[in-house]
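The structure appears below as structure tokens.
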Amino acid sequence: MTGLAAGSSELLQHLLLDRVIKIVIVLAALGVLAAGMALVWRRVGRTKGGRD
């Protein structure tokens with residue numbers, strides 16, 4: 001029974017680590033998206049400001 005419990009604990013640890021890695025990837029992607037949107041917003045804002 002000890003071997004089964006150890007395997008179960010190892011599986012749970014692996015699944016939690018996998019979840020954490022996925023959350024970090026999503027947060028990093030959102031950060032890159034936000035930075036890209038801010039960059040585009042600034043460039044578009046400058047172009048409109050210059051023409052008006």
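Atoms considered below: every heavy atom in the structure, side chains included; atoms not considered: hydrogens, waters and symmetry mates.
Taking a 4.5 Å side-chain heavy-atom cut-off between Ile, Leu, Val, Met, Phe, Trp and Tyr, the cluster of Leu15 extends to Leu11. Clustering of Ile, Leu, Val, Met, Phe, Trp and Tyr side chains at separations under 4.5 Å places Ile21 together with Leu17, Ile25.
Results of the side chain to side chain contact (heavy atoms under 4.5 Å, CB included) test with Met37 over Val40, Leu33, Leu39 single out Leu33 as the only residue that passes.
The side chain to side chain donor-acceptor pair (under 3.5 Å) analysis of residues 19-28, with sequence neighbours excluded, yields the pairs Asp18-Lys22.
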